[in-house]
There are 2 protein chains.
Amino acid sequence: MARPGTASSVRSHGAGPQGDTRAALVSAAVAALREDGFGRASARNIAARAGCNQALVFYHFGSVADLLLAALDEVSAQRLDQYRDAVAEGTSIDELVPVAARIFREDLDKGYVTVLAEMIGGASSTPGLGPEVAKRIRPWRQFARDALDDAMQASGLDGVIPGESVAHAVVALYLGLELLANLDGDRKPALALFKDAEKLAGVLRAFSPTGGST
Amino acid sequence: MARPGTASSVRSHGAGPQGDTRAALVSAAVAALREDGFGRASARNIAARAGCNQALVFYHFGSVADLLLAALDEVSAQRLDQYRDAVAEGTSIDELVPVAARIFREDLDKGYVTVLAEMIGGASSTPGLGPEVAKRIRPWRQFARDALDDAMQASGLDGVIPGESVAHAVVALYLGLELLANLDGDRKPALALFKDAEKLAGVLRAFSPTGGST
DNA sequence: GTCTATACTTGGATAGAC
DNA sequence: GTCTATCCAAGTATAGAC
């Protein structure tokens, strides 16, 4: 197919004045997913946001679905980096919960995880998209697993709690909270949940074998 | 609008031989949401499933969105009843977790909560649908809250854990698990999670003030 | 109540000029 | 690489015959 280079060969013979359109399309796709949802993230919608022609979507990405996946790739990688930085601030449970709360609030404001949630929801209506999205969730689950393992070890709960399952649950919970919060724009329940979780983390610490200190 | 009676006045002057089409359309809508997802739950798709004409969707429900909401209403009410029955089997945490696991497996098989998940996902792309779906989630959160309150009381954890927040979290987790399971058809992580939760419920019981017995 | 036919809209995708 | 023009498919919704 007349698809240009996927990564490095793009800017080969004069891509344009102020940044290439390929990147603009990806950004526009992210915005479309966030603000209009999967169902309205059409080639025309995205192209209008990017200030270019609709045909360029197919020239650069071959299909709308592939552009959407590229958008998910970018926002996912970028956001995962920020998560890693934030989690590096602490290791024990009662240190991590406030961090999680802050990141969650940030996500609700900027709507990054919304992109992921939209893709997951949309995947059920688009043949072949499911596995691709699933592939891109794996790093998130792995990230949750690593952070949890560290926290469990720091709290002396190592081995007591099954990391694999809890990591899966954390990702699922996170997605569910995003979905519910975006449904009616009410993020109070989710924020209240994190506040309560902070309190509970303190209580749990008292029960942990090492008393919460390494 | 030329909309027929919403509930009782339907079968007033000869609705047809084998059950009225209105009910058939609702069932077909449920199936469409489950099997094809929100994005493909079109009037044509649903009508074909119901074995009738596409125009009848608009005659009976005015719009596709309203038919979808009717489908959500039915499956939600029906399923909530079954949940109430199941939860009545026990009150303490370690009694409820196996029950929750069984129901969850049942839902994955029959795909009832999928309908809810699809509507939540689709709502972000359909103007005005969000609040309507949110309204229909409220009974679920209330149900979770009641079940949890009973369990907390039976386990002597009354007051320790904030019911409101945990109920919200339970609903969110449930939705997230469904979404992830439907993404690639892999329900193993979710089922493993419930198995681990059963074990943990036993451990938690040992820590609870009353030792798990009322 | 149910059907056929049709009007209108939007969206994916391609061809070809520049 | 980008645009215009266009084709085609699918969807919502309505009008009108039966």
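In what follows, chains carry the letters A, B, and so on, assigned in the order in which the sequence lines appear, proteins first and then strands, with residues in each chain numbered from 1. Atoms considered below: every heavy atom in the structure, side chains included; atoms not considered: hydrogens, waters and symmetry mates.
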**Q.** From D:dT2, D:dC3, C:dT14, nucleotide with atom closest to A:H60 side chain
**A.** D:dT2
Q. A:L56 CG to D:dT2 P: how many Å, rounded?
A. 5 Å
(Q) Can you see if the side chain of A:N45 gets near the phosphate of C:dG11 - specifically, an N or O under 4.0 Å from OP1 or OP2? (A) no
**Q.** First of A:G39 and A:N53 reached from the 5' end of DNA chain C, by closest nucleotide
**A.** A:G39
Q.
Nearest to the side chain of B:A55, heavy atoms from C-beta on, is which of C:dC3, C:dG1, C:dT14?
A. C:dC3
**Q.** Pairwise 5' ranking along DNA chain D for B:A65 and A:R44, keeping only the more 5' one
**A.** A:R44
Q.
Could you tell me how far apart B:D36 (CG) and D:dA10 (C1') are, to the nearest whole angstrom?
A. 14 Å
Q) Hey, does A:A43 reach any base, or is it just sugar-phosphate, or nothing, if we go heavy atoms under 4.0 Å? A) sugar-phosphate
**Q.** Length of the CG-P vector between A:D20 and D:dG1, whole Å
**A.** 9 Å
Q: Using atom CZ of A:F61 as one end and atom C1' of C:dT14 as the other, report the distance to the nearest whole Å.
A: 18 Å
**Q.** Phosphate contact (C:dT2 OP1 or OP2) by B:T21 side-chain N/O below 4.0 Å
**A.** yes
Q.
Before you tell me yes or no, could you show the steps for B:L33 and B:L72 under side-chain contact (heavy atoms from CB on, under 4.5 Å), namely the whole-Å CA-CA distance, both residues' side-chain angles and the distance that decides it to 0.1 Å?
A. CA-CA 9 Å; B:L33 282 171; B:L72 178 56; 5.9 Å; no
Q. Is a side-chain N or O of A:R49 found less than 3.5 angstrom from the main chain of A:A29, in a donor-acceptor match?
A. no
Q.
From CD of A:Q54 over to C1' of C:dT14, roughly how many Å is that when rounded to an integer?
A. 10 Å
(Q) So does A:S125 get a backbone contact from the side chain of B:R40, meaning a donor-acceptor N/O pair under 3.5 Å? (A) yes
Q: Determine: side-chain N/O of B:S42 to OP1/OP2 of D:dA10, distance under 4.0 Å, yes or no.
A: no
**Q.** Whole-Å distance separating the CZ atom of B:R22 from the P atom of C:dT2
**A.** 11 Å
Q. How close or far is atom P of C:dG12 from atom CG of A:L129, stated in whole angstroms?
A. 13 Å
Q) Roughly, in whole Å, what's the span from CD1 in B:I46 to P in D:dG11? A) 10 Å
Q: Using atom types as modelled and distance alone, determine if a side-chain donor or acceptor of A:E118 lies under 3.5 Å from a backbone N or O of A:G37.
A: no
Q: Kindly indicate, with the supporting measurements, whether the criterion salt bridge (Lys or Arg N to Asp or Glu O under 4.0 Å) is fulfilled by A:R22 and A:D20.
A: CA-CA 5 Å; A:R22 194 188 157 91; A:D20 50 315; 5.9 Å; no
Q: Just call it for B:V64: base, sugar-phosphate, or nothing, with non-hydrogen atoms closer than 4.0 Å on any strand.
A: sugar-phosphate
